There are 2 protein chains.
Amino acid sequence: MPTTNLDETARQILAAASRRFLHYGYKKTTMSEIADDCNMSSGNLYRYFPSKLDIAEMFVRVLRGEQVDNLRTVLDAPGRSPAQKVRDFFLLKFKLAYERFHDKPKAFELSSELILERPKVALEWENAEGRVLGEILSEGNADGSFAIDDVPAITKILQNAAYRFTSPALFHESGDEVLAAELNGVIDLVLDGFAWRSAHGEQGKTASLGSRS
Amino acid sequence: MPTTNLDETARQILAAASRRFLHYGYKKTTMSEIADDCNMSSGNLYRYFPSKLDIAEMFVRVLRGEQVDNLRTVLDAPGRSPAQKVRDFFLLKFKLAYERFHDKPKAFELSSELILERPKVALEWENAEGRVLGEILSEGNADGSFAIDDVPAITKILQNAAYRFTSPALFHESGDEVLAAELNGVIDLVLDGFAWRSAHGEQGKTASLGSRS
DNA sequence: AGCCTGACTAATATATAAACTGTTCAATCG
DNA sequence: CGATTGAACAGTTTATATATTAGTCAGGCT
């Protein structure tokens with residue numbers, strides 16, 4: 001959790017802001033309200049955070065920390081093969097995104113607003129999750145399930161392939177189960193790709209069936 | 001082209017409307033302006049189209065027709081294997097979307113506005129493109145490159161896996177070449193998945209390396 | 001008759017004024 | 001003297017009034 005770096009007062013401010021962000025959204029909570037909740041003046045908030053947007057950024061960093069911690073449990077699941085963990089990772093990520101979108105809509109709205117002003121936060125989020133996924137892939141390399149030479153590159157490819165199921169744009173279109181089934185279809189296919197590569201090696205350099213241009 | 005069904009006058013209206021949609025966008029072109037361009041009264045437009053939104057829908061249908069015709073050329077490319085055609089299909093689709101996003105922004109804006117009111121149009125678009133992709137897959141089945149038992153299902157999976165490169169949400173983040181390279185990475189992997197399946201059969205039923213649950 | 005017009009209306013959009021909010025900082029407090 | 005305040009300012013949001021537009025229809029034109 002990134003909050004451990006924070007002053008006690010800063011944590012209090014963040015907690016008060018988080019409550020209001022979740023209930024009323026970012027734009028509808030005012031600095032004065034946050035200050036009132038903390039029994040201080042609005043001006044004093046600026047001794048602890050440079051701006052309102054920075055409070056929101058810290059709020060999102062906490063959300064991200066929780067989500068990454070959650071995804072990291074996939075790594076330690078006993079009796080699961082690396083390939084199964086790849087599937088677990090994306091299904092859990094989808095489930096977490098889907099649930100947050102539906103029962104914490106204000107948090108989602110806040111993330112979107114923040115990312116418009118601070119795109120770097122989205123990249124950091126993706127990278128943090130990518131690190132977990134990369135560990136799964138490395139584990140597969142170690143036990144011989146996979147034969148991936150460039151783990152970060154393949155991590156990015158997997159994130160790209162699963163993008164549709166991690167962005168809330170389509171959470172309206174279909175239900176939980178339909179989307180999860182489609183995600184499973186994508187994962188089936190990329191895992192078969194891994195299987196092929198681990199049997200034949202040399203991935204990426206020559207595209208097996210359909211060489212480029 | 002869907003315009004062949006149309007009355008001569010309707011075509012004239014659609015042409016005038018299209019010019020203004022492309023130049024000024026949907027909301028900034030008025031029915032009176034379209035009528036003036038056609039030397040008729042605004043009321044008369046409603047003899048040919050039920051509403052302004054229906055003119056926009058027809059405009060988007062024409063766009064879609066052009067795009068699908070364009071993608072269909074991939075099917076007839078000589079000397080390309082089915083796997084290469086899968087790659088050609090998605091790279092061309094990406095290029096068309098990327099270019100239209102950048103040099104016909106008003107058309108993109110119009111598509112977005114329309115799809116909010118007429119989501120069915122987006123589904124029809126995806127299905128129309130899916131039919132072309134499905135023909136490529138069937139061709140691969142016929143010549144032995146692929147061994148796909150449920151072509152429509154795999155078509156959907158491929159569209160899902162490539163979604164990130166067909167939705168304009170990320171066209172801001174990276175340049176042309178970076179995105180195309182990432183798309184190629186995804187295609188490499190799914191084609192390797194096809195290679196594995198064509199060598200082993202039984203795709204979908206048992207997920208090769210990482211069986212479900 | 002069949003096609004077309006253009007004034008009319010309800011609804012939407014734009015422009016303008018009023019209120020509010022993020023942020024600063026000179027003054028106050030402990 | 002460091003920590004805190006709250007009035008002041010600039011920028012933005014909201015509320016209100018004005019104007020425009022999508023869509024209708026009773027009549028006119030050919």
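In the text below, chain A, chain B and the rest are named by the order of the sequence lines, each starting its count at 1. Just so it is clear, the structure is predicted and the values come from calculations on it, not from any experiment.
Rounded to an integer number of Å, the gap from Gln12(B) CD to dC4(C) P is 11 Å. In this structure, Lys28(B) places its NZ atom 12 Å from P of dT21(D), rounding to the nearest Å. To the nearest angstrom, P of dG23(D) lies 8 Å from CG of Leu53(B). We find that CE of Met40(B) is positioned 15 Å from C1' of dG6(C), with the value rounded to whole Å. The separation between Asp7(B) atom CG and dG2(C) atom P is 16 Å, rounded to whole Å. Atom CZ of Phe49(A) is separated from atom P of dT24(C) by 15 Å (rounded to the nearest Å). The distance from atom NZ of Lys27(B) to atom C1' of dT20(D) is 15 Å, rounded to the nearest whole Å. Taking atom CG of residue Asn44(A) and atom C1' of nucleotide dA7(D), one finds them 16 Å apart after rounding to whole Å.
Residue Tyr48(A) places at least one side-chain N or O under 4.0 Å from the OP1 or OP2 atom of dT4(D).
Using a 4.5 Å heavy-atom cutoff, the side chains of Thr29(B) and Lys52(B) are in contact.
Asn44(B) and Ser41(B) share no side-chain donor-acceptor pair at under 3.5 Å.
A ring-centre distance under 6.0 Å is not found for Phe108(B) and His102(B).
Closest contact between the side chain of Lys52(A) and the listed nucleotides dT5(C), dT23(C), dT5(D) involves dT23(C). The side chain of Arg47(A) approaches dA3(D) more closely than any other nucleotide in the set dT23(C), dA22(D), dA3(D). Listed candidates were dG22(C), dG23(D), dT5(C). Nearest to the side chain of Met31(B) is dG23(D). Taking every side-chain heavy atom of Tyr46(B) into account, dG23(D) is the closest of dG23(D), dC4(C), dT21(D). Of the candidates dT21(D), dT4(D), dT21(C), dT4(D) carries the atom nearest the Ser41(A) side chain, counting heavy atoms from C-beta on.
Residues Leu110(B) and Phe59(B) come closest through the heavy atom pair CD2-CD2, 2.9 Å.
Ring pair Tyr26(B)/Phe21(B) is tilted by interplanar angle, where 30° to 60° counts as tilted.
Counting non-hydrogen atoms under 4.0 angstrom, Thr9(B) reaches nothing in the nucleic acid.
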